[in-house]
Amino acid sequence: MTWSILRFLRENPDVLRRSLRRRGLDPSIVDKAVELDKLWRQKVREVDEIRHKHNVITRKIASTKDPEEKKKLIEEAKRLIRRRQELEEELKRIAAEREKILLSLPNIVHDSVPDGFDEEHNVPIRFWGKPKVWRGYLDRFKEQTEKWGFKVDYELIDWKPVGHADMLENVLMLGNTIKAAEVAGSRFYYLFDDIVWLDIALLLYAIDFMTRKGYRLVLPPYMIRYKVLMGVIDVETFKDAIYKIEGEDLYLIATAEHPLAALYMGEEIPEDQLPIKLVGISPCFRKEAGAGNRDLKGIFRVHQFHKVEQFIFAKPEESWQLLEELRENAEELFRGLGLPYRVVNVCAGELGDVAAKKYDLEVWMPAQGRYREMVSTSNCTDWQSYRLKIRLIRKKDMRREYVHTLNSTAIASTRTITAILENYQEPDGTIVIPKALRPYLEMFPRAPKEAIHPIKKERVRR
RNA sequence: GCCGGGGUCGCCUAGCCUGGUAGGGCGCCGGCCUGCUAAGCCGGUGGGGGUUAACCCCGCGCGGGUUCAAAUCCCGCCCCCGGCGCCA
């Protein structure tokens with residue numbers, strides 16, 4: 001048994017208490033868990049003892065010829081069973097309670113994660129690019145850069161860029177969320193023509209990049225079972241994000257991360273096969289139940305989008321280095337797109353139960369005057385693999401350990417489109433297409449090549 | 001969806017009819033032996049408890065049931081293979 005949380009629970013529960021406090025959660029749950037684990041072990045001993053007695057008698061019955069003697073032994077066995085059943089019932093109850101509390105424990109926060117309970121406390125660790133800053137947002141910009149001790153070169157602009165939602169719907173007229181709301185509800189959309197090409201080109205760009213890096217391309221199931229879902233997410237995410245298929249034990253995936261993590265569930269991976277690096281492509285379906293009215297306009301926060309996802313199964317001793325690799329891959333993708341970004345080290349209170357550490361990559365949005373999340377990169381250590389029973393076998397002594405799982409966005413289509421709409425906007429409403437995407441548009445005669453132009457009123461067609 | 005066959009240790013397989021401590025092969029790990037990496041021999045190779053020793057419990061797709069005793073018999077579910085039906 002090498003699940004990190006259980007090990008600490010028995011050997012050094014203070015580590016767990018500290019981790020929970022840093023997340024802003026009540027550490028007393030650790031005491032309950034320690035108590036239950038002890039009680040469980042004691043009950044296991046009791047039950048095992050009586051099972052042993054019963055087994056001894058049962059074996060004796062098999063080898064006893066004398067019918068009188070046999071009858072006596074069977075009576076004896078029946079008596080033991082009654083006693084055993086009571087104890088087993090008790091054990092079952094305790095085991096279920098223990099299991100429940102163990103599975104409710106969030107991952108152990110890594111030492112390098114900053115303190116804090118909201119995104120104000122996320123710590124920027126790196127800035128890249130030359131953001132376009134509208135004069136009116138200069139103070140805000142400095143608040144998000146210089147306050148953290150970073151001197152970020154920027155381009156001051158006098159015109160205020162149009163927001164991505166207006167750009168899409170009213171300037172380019174290549175999106176229709178009004179009709180989509182009638183048809184499916186808010187946070188849905190119709191996209192047309194050049195924006196669809198852009199969506200496809202972004203996905204191809206990310207797939208091309210990741211597979212060149214040696215990541216294996218995967219198209220996973222878009223629906224998964226409940227038990228798989230519970231292996232990869234916490235209860236909060238479940239409530240906020242997950243759509244259920246009526247009448248079936250199936251749930252729409254919120255990200256390819258979930259079916260990718262489950263690719264090796266219940267399996268044992270020889271350590272020399274690790275790390276296993278995957279790049280998945282899939283639609284993502286999210287309820288956004290906790291979002292309220294945030295980002296209600298446009299396609300920044302929507303119920304469905306396409307995403308290319310990085311995923312790694314790793315040996316524990318390699319996972320922290322691989323987290324940096326995933327982050328670097330995401331950064332390279334966004335540098336390639338020429339979108340100015342910063343990377344933040346997400347604070348303990350904003351991590352979510354699954355991750356031990358998380359980086360967000362946020363792109364500067366000129367029309368909002370804010371850096372907004374485009375990518376999330378997490379090391380989930382053994383939190384998912386314990387639940388999904390994904391282990392590695394050490395070559396030296398055949399010992400089994402839980403693998404570490406890591407995931408990161410490569411490109412999320414609609415969100416990246418919003419970033420392009422604001423960052424590549426010209427004063428006249430033209431959107432210049434990032435050079436990195438052009439190879440993926442060239443092959444299609446009707447796809448845009450260098451720019452997307454505002455549609456003139458008389459040509460509008462929906 | 002219906003009918004039939006199947007799911008046993010990392011992989012392959014025996015055991016199931018006829019209930020009585022799950023056996024063999026491969027691979028892997030450790031050791032022995034041989035002047036060499038071959039062959040051979042011995043042990044180990046699922047989970048849990050345990051003074052981590054001895055030992056014990058659990059484990060044959062999952063969950064129930066019958067029985068002193070279930071891989072084995074019965075019921076439900078999941079998955080795989082074949083046939084029929086349906087279908088892009």
Side-chain angles (χ1 to χ4, degrees), chain A residues 1-7 9-12 33-103 219-231 244-245 247-251 259 262-274 276 283 313 315 382 385-403:
Chain A
M1 167 46 64
T2 51
W3 187 38
S4 59
I5 288 182
L6 188 58
R7 203 175 63 238
L9 205 61
R10 290 178 179 177
E11 292 171 12
N12 192 359
V34 169
E35 273 313 299
L36 270 170
D37 185 50
K38 271 191 195 142
L39 183 62
W40 173 78
R41 284 192 278 174
Q42 188 196 318
K43 279 290 159 205
V44 164
R45 266 206 301 278
E46 285 176 31
V47 171
D48 279 359
E49 198 181 324
I50 200 156
R51 278 174 177 164
H52 176 58
K53 280 182 188 164
H54 179 256
N55 284 345
V56 168
I57 289 177
T58 284
R59 269 173 234 149
K60 221 166 171 183
I61 291 169
S63 59
T64 300
K65 294 282 186 298
D66 176 33
E68 276 305 310
E69 185 67 15
K70 206 162 191 162
K71 208 171 175 182
K72 259 186 217 162
L73 286 170
I74 288 175
E75 284 310 311
E76 172 77 19
K78 280 183 175 172
R79 222 171 36 245
L80 279 171
I81 285 174
R82 281 193 290 276
R83 176 81 187 115
R84 193 188 69 185
Q85 275 171 340
E86 286 169 31
L87 282 170
E88 276 177 338
E89 206 121 314
E90 208 179 336
L91 176 65
K92 207 171 165 183
R93 217 174 45 241
I94 292 165
E97 231 177 300
R98 169 182 177 269
E99 180 81 353
K100 196 177 159 194
I101 203 163
L102 284 183
L103 291 178
L219 193 146
Y222 299 160
M223 300 175 217
I224 55 181
R225 292 179 201 287
Y226 182 77
K227 98 178 168 200
V228 175
L229 204 48
M230 286 339 258
K244 185 184 192 321
I245 302 296
E248 309 219 28
D249 178 25
L250 283 176
Y251 298 79
L263 179 59
Y264 289 93
M265 73 177 183
E267 294 191 26
E268 296 173 342
I269 307 170
E271 67 172 325
D272 55 14
Q273 285 179 25
L274 295 168
I276 295 169
F313 295 95
K315 289 193 270 188
D382 58 2
S385 60
Y386 171 71
R387 289 154 188 251
L388 295 174
K389 302 279 174 270
I390 307 171
R391 293 176 303 169
L392 65 98
I393 304 183
R394 294 291 183 186
K395 198 166 179 60
K396 202 177 70 189
D397 53 5
M398 304 294 285
R399 211 173 68 253
R400 284 152 169 88
E401 290 175 41
Y402 290 103
V403 304

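Below, read A as the first sequence line, B as the second, and so on, with proteins coming before strands; counting in each chain starts at 1.
- Rounding to whole angstrom units, CG of residue Leu392(A) and C1' of rG10(B) are separated by 13 Å.
- At least one donor-acceptor pair under 3.5 Å links the side chain of Glu271(A) to the backbone N or O of Lys395(A).
- The environment of NZ in Lys227(A) is sparse: at most 12 heavy-atom neighbours from other residues, nucleotides or ligands sit within 6.0 Å.
- The shortest distance between side-chain heavy atoms of Met230(A) and Arg387(A) does not fall below 4.5 Å.
- The separation of rC42(B) from rU52(B), taken at their P atoms, amounts to 32 Å, rounded to a whole angstrom.
- A close approach under 4.0 Å does not occur between any side-chain nitrogen or oxygen of Arg400(A) and OP1 or OP2 of rU45(B).
- Summarising the base pairing, rA14(B) is matched to no nucleotide, lacking a Watson-Crick or G-U wobble pair whose two defining distances lie under 3.5 Å.
- Using a 90° window around 0 for the glycosidic torsion, rU21(B) falls outside it and is classed as anti.
- Of the C1' atoms belonging to rC56(B) and rU51(B), the separation is 15 Å, rounded to the nearest Å.
- Judged by distance alone, the side chain of Ser385(A) and the main-chain N or O of Tyr402(A) form no donor-acceptor pair under 3.5 Å.
- An OP1 or OP2 oxygen of rG50(B) is reached within less than 4.0 angstrom by a side-chain nitrogen or oxygen of Arg41(A).
- Between Asn55(A) and the phosphate of rC57(B), there is a side-chain N or O to OP1/OP2 separation shorter than 4.0 Å.
- Rounding to whole angstrom units, CH2 of residue Trp40(A) and C1' of rG47(B) are separated by 10 Å.
- Between Val56(A) and Lys53(A) the shortest side-chain heavy-atom distance does not fall below 4.5 Å.
- For the pair Arg391(A) and Arg399(A), the minimum side-chain heavy-atom distance is 4.5 Å or more.
- Side chains of Arg59(A) and Asn55(A) form a contact here, defined as non-hydrogen atoms less than 4.5 Å apart.
- To the nearest whole angstrom, the two C1' atoms, one in rG44(B) and one in rG10(B), are 14 Å apart.
- Rounded to whole Å, the separation between the C1' atoms of rU13(B) and rA22(B) comes to 12 Å.
- The pairing partner recorded for rC86(B) is none, the criterion being a Watson-Crick or G-U wobble arrangement whose two distances lie under 3.5 angstrom.
- Listed nucleotides: rG10(B), rG49(B), rG47(B). Nearest to the side chain of Arg45(A): rG49(B).
- Regarding Asp48(A), its CG atom lies at a distance of 10 Å from the P atom of rG50(B), rounded to whole Å.
- Taking atom CZ on Arg394(A) and atom P on rG10(B), their separation rounds to 18 Å, with Å as the unit.
- Of the C1' atoms belonging to rC74(B) and rU66(B), the separation is 7 Å, rounded to the nearest Å.
- Contact between the side-chain N/O atoms of Arg225(A) and the OP1/OP2 oxygens of rC79(B) is found at a separation under 4.0 Å.
- Arg51(A) has no side-chain polar atom (N or O) that falls below the 4.0 Å cut-off from OP1 or OP2 of rC68(B).
- Taken to the nearest 0.5 Å, the CG atom of Leu73(A) stands 10.0 Å off from the CD atom of Glu75(A).
- Here the side chain of Arg10(A) pairs no donor or acceptor atom with the backbone of Asp37(A) at under 3.5 angstrom.
- Comparing rC16(B) with rG7(B), their P atoms are spaced 13 Å from each other, to the whole Å.
- By the 4.5 Å heavy-atom criterion applied to side chains, Ile276(A) and Leu263(A) are not counted as neighbours.
- Annotation: rC80(B) and rC12(B) have their P atoms spaced 16 Å apart (nearest Å).
- Pair check for rC73(B) finds rG65(B); Watson-Crick or G-U wobble, both atom distances under 3.5 Å.
- A parallel orientation is assigned to the rings of Trp3(A) and Tyr386(A), their planes being inclined by less than 30° (bins at 30° and 60°).
- In this structure rG46(B) sits in a base pair with rC58(B), meeting the Watson-Crick or G-U test at under 3.5 Å.
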Atom pairs under 3.5 Å: protein N/O with N/O of nucleotides 16-27 of chain B:
unit_1	atom_1	unit_2	atom_2	d
rG20(B)	N2	Thr58(A)	O	3.1

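- Separating the CD1 atom of Ile269(A) from the P atom of rG10(B) is a distance of 14 Å, rounded to the nearest angstrom.
- Here the C1' atom of nucleotide rC56(B) and the CD1 atom of Ile50(A) are 14 Å apart, to the nearest Å.
- With both ends at atom C1', the span from rG24(B) to rG15(B) equals 11 Å, rounded to whole Å.
- Rounded to an integer number of Å, the gap from Glu99(A) CD to rG47(B) P is 16 Å.
- If you check rG10(B), rA69(B), rC29(B) against the side chain of Lys395(A), the one that comes closest is rC29(B).
- Within residues 75-96 of chain A, the residues that have a heavy atom under 4.0 Å from RNA chain B are, in order of number, Ala77(A), Lys78(A), Ile81(A), Lys92(A).
- Along RNA chain B, the nucleotide nearest to Asp37(A) and the one nearest to Leu73(A) differ in position, and the one closer to the 5' end is contacted by Asp37(A).
- Other residues, nucleotides and ligands contribute over 12 non-hydrogen atoms within 6.0 Å of the CD atom of Glu267(A).
- Atom NZ in Lys43(A) sits about 16 Å away from atom C1' in rC57(B), given to the nearest Å.
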